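Accompanying notes for the structure given below.
We count ligands from 1, going down the list as the structure has it; atoms in each ligand are counted the same way. As the structure is a computational prediction, the values presented were derived from the model and not from experiment.
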Amino acid sequence: MEVDSFEIGPIRPPSEAHSLFIRVTRNCPWNRCKFCPTYKGKKFELRPVEEIKQDILTVKAIQDKLKEIALKSGYGGRVEETAAAILNNPPNEAFFNVALWLYYGGENAFIQDANSLIMRTDELAEVIRFLKQTLPTITRVTSYGRSKTAAKKRLEELVQLREAGLSRLHIGLESGYDPVLKYMDKGVTAADHIKGGKNIVASGISLSEYVLLGLGGKGMWREHATETAKVLNQINPDFIRVRTLTIRPGMPLYDEVKNGNFIRQTDEEIVEEEKLLIENLDCQSNLVSDHITNLLQEIEGKLPEDKEKMLATVARFQSLSPEEKQNFRLGRRLGIYEGLDELHDSLKHNSVERAIKKLSHNGNQLDEEAIYSLMERFV
Ligand code: SF4
C-alpha cells in the first residue's frame, strides 16, 4: 500500500523546527551566493498552485489518519500522544513532519524554499488562504524571502499576503556593506535591503533579518559591522538574527579561501566585530543568536535597553585568559558548552582540556584550522 507523502524542502530556520513545511517553490532562483551551499547544482522551479494544494490535502489526510488512530487507541483521543508514538517510527519524512507539527500544537507553518515571494502574489495568497482553511489550527505562517524581491513588490501586494495570513518573513540580509555583498555575489545592494525591509515592515508582516558575522573576512570586517548596523537601523526589523560564517567544501567561498582571496577571521576577531555591530545598532529590534555557529549564543536581548547587557557578555569573553578563551572556543565547537557560565563546570572544563591535548600539535595550543574544521559540521 502506498503511504501518503508530500514534498519537503531541505532547510528551515531554527525557529521553525516544529512547523509544518509546505513547499511552494523548489530551490533558489538566485543560487549564486558564495557562502551558501544549500541549493547549488539544483534548478529553481515554481510549483503549480494545484500541486501545492494537493500537498496540503495530503497533510490533512495524514492528520485525519493520526486522529483516527488516536480515537481507536488507548490515547483517549489525544492526537499529541499518537503523534509522539509515530515520531519513534515514522513511515516517511512527511508523516514525521505532520506528527512533529501536531505534537507541538499544530499552529505554525513554514513555506519553503529560498524565496517564496517570487511566486505571483495572487497565487501565494491563494495558497496561504487554502492552507489556513484546510488546516484551521494554523495561526502563524512564515517564509524565507529575498530583499530584492520584497523591494520589487508593491506595498499593497505585501499587505495582501499579510491579510491572507503570512505572519513573518525571514530575510538573509547577511551584510549591509555593498563591497561585501558584491564580493559574495549576493545579488542585492544595501539600498535593496533597506527598500525591501521597509516594505515588509510597512505591510505589517513581522520581519527577521539574518546577519552573517565574519562575512567581511579580515579585509572588510569593520565596514561590514558598521554598514550592516546602519542598514538595520533604517529597517528596524522585529528580529535581528545572528549567524557566524562557516565555510566548507561545496561553497564557492571554500575555493576563495584555498586560493588566498578570502582570509577568515578568528573567533576572537569575530567577537570584536559583533561588539562593533551591537555598539552601532540604534533600533528597537530583538537581537537573537539562535544558531550553533555563534560563539556567544547568550548574546540576546531587546534593543536598545539590553545593549549594555549584550556588550557585557562580549567584555566577559574578552577578559578571559588566552587559555580560558581557547578552552571555551573548543568547548563551544564540540557542543560541550552552551554559555560562558559553564566554564565553571569542572567536568565539562576537564573534558575540553583533554580534547585540547588530543587535537593540538604541541599538547596545549590549537591551530585555527582545527576549530574551522569542527565548525564545518554545523552547516
Ligand atoms: S539567496 Fe539565499 S538560498 Fe539563494 S544562494 Fe543566496 S543565501 Fe543561498
Side-chain angles (χ1 to χ4, degrees), residues 7-16 19 21-47 110-119 124 142-153 168-197 199-200 207-217 220 224 228 231-232 235 237 239-257 262 290-294 375-376 378-379:
E7 262 195 62
I8 293 181
I11 58 161
R12 42 75 187 161
S15 55
E16 304 295 337
S19 298
F21 302 142
I22 301 295
R23 194 178 203 190
V24 304
T25 65
R26 296 186 186 100
N27 309 313
C28 174
W30 177 250
N31 216 6
R32 285 165 54 175
C33 304
K34 282 189 180 144
F35 55 86
C36 172
T38 312
Y39 304 103
K40 294 285 182 285
K42 294 182 185 148
K43 196 171 137 255
F44 173 75
E45 286 173 329
L46 290 162
R47 294 186 70 203
F110 178 68
I111 295 191
Q112 298 174 304
D113 279 339
N115 183 19
S116 317
L117 283 182
I118 204 159
M119 216 170 148
L124 183 55
T142 72
S143 183
Y144 280 134
R146 293 187 74 225
S147 294
K148 189 111 179 171
T149 317
K152 282 186 191 152
K153 291 261 184 214
R168 174 172 300 162
L169 279 165
H170 297 273
I171 302 274
L173 180 119
E174 330 298 1
S175 178
Y177 186 46
D178 280 335
V180 170
L181 292 167
K182 191 160 187 271
Y183 176 72
M184 291 293 164
D185 210 354
K186 180 72 192 167
V188 175
T189 62
D192 294 328
H193 274 324
I194 294 168
K195 186 159 189 284
N199 262 356
I200 294 168
L207 174 61
S208 278
E209 295 275 7
Y210 289 76
V211 172
L212 201 45
L213 298 175
L215 204 60
M220 295 190 275
H224 171 51
T228 300
V231 168
L232 288 166
I235 299 172
F239 293 92
I240 297 169
R241 292 191 137 94
V242 174
R243 305 273 176 276
T244 302
L245 179 66
T246 307
I247 305 173
R248 67 165 166 79
M251 295 176 178
L253 193 56
Y254 184 81
D255 302 327
E256 296 283 284
V257 170
F262 184 82
D290 59 346
H291 205 269
I292 185 112
T293 55
N294 297 329
M375 284 182 77
E376 281 178 20
F378 295 150
V379 291

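Not a single heavy atom of T38 sits closer than 4.0 Å to an atom of ligand 1.
Each of the atoms 3 (S) of ligand 1 lies under 4.0 Å from some heavy atom of Y39. Taking every heavy atom of A114 and a limit of under 4.0 angstrom, the matching atoms of ligand 1 come to 3 (S).
Within the 2.8 Å limit, C33 places at least one N, O or S atom next to atom 6 (Fe) of ligand 1. Within the coordination shell of atom 8 (Fe) of ligand 1, defined by N, O or S atoms under 2.8 Å, C36 is present.
Using modelled atom types, one side-chain atom of T228 and one backbone atom of G176 make a donor-acceptor pair closer than 3.5 Å. Between the N31 side chain and the F44 main chain, no donor and acceptor come within less than 3.5 Å of each other.
Ring planes of Y210 and H170: tilted class, angle from 30 to 60°.
Scanning all protein heavy atoms for the shortest distance to atom 5 (S) of ligand 1 gives N31 CA, 3.5 Å. Scanning the protein heavy atoms around atom 4 (Fe) of ligand 1, the nearest turns out to be C28 SG, 2.3 Å.
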Stepwise, does the salt bridge (charged side-chain N to carboxylate O under 4.0 Å, His left out) test hold for D113 with R23? CA-CA 6 Å; D113 279 339; R23 194 178 203 190; 2.7 Å; yes

Walk me through whether K34 and D185 qualify under salt bridge (charged side-chain N to carboxylate O under 4.0 Å, His left out). CA-CA 6 Å; K34 282 189 180 144; D185 210 354; over 6 Å; no

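Taking only non-hydrogen atoms, the option from R146, R32, K186, M184 nearest to atom 2 (Fe) of ligand 1 is K186.
Under the side-chain contact (heavy atoms from CB on, under 4.5 Å) rule, S116 has a single partner from T149, I22, V24, which is V24.
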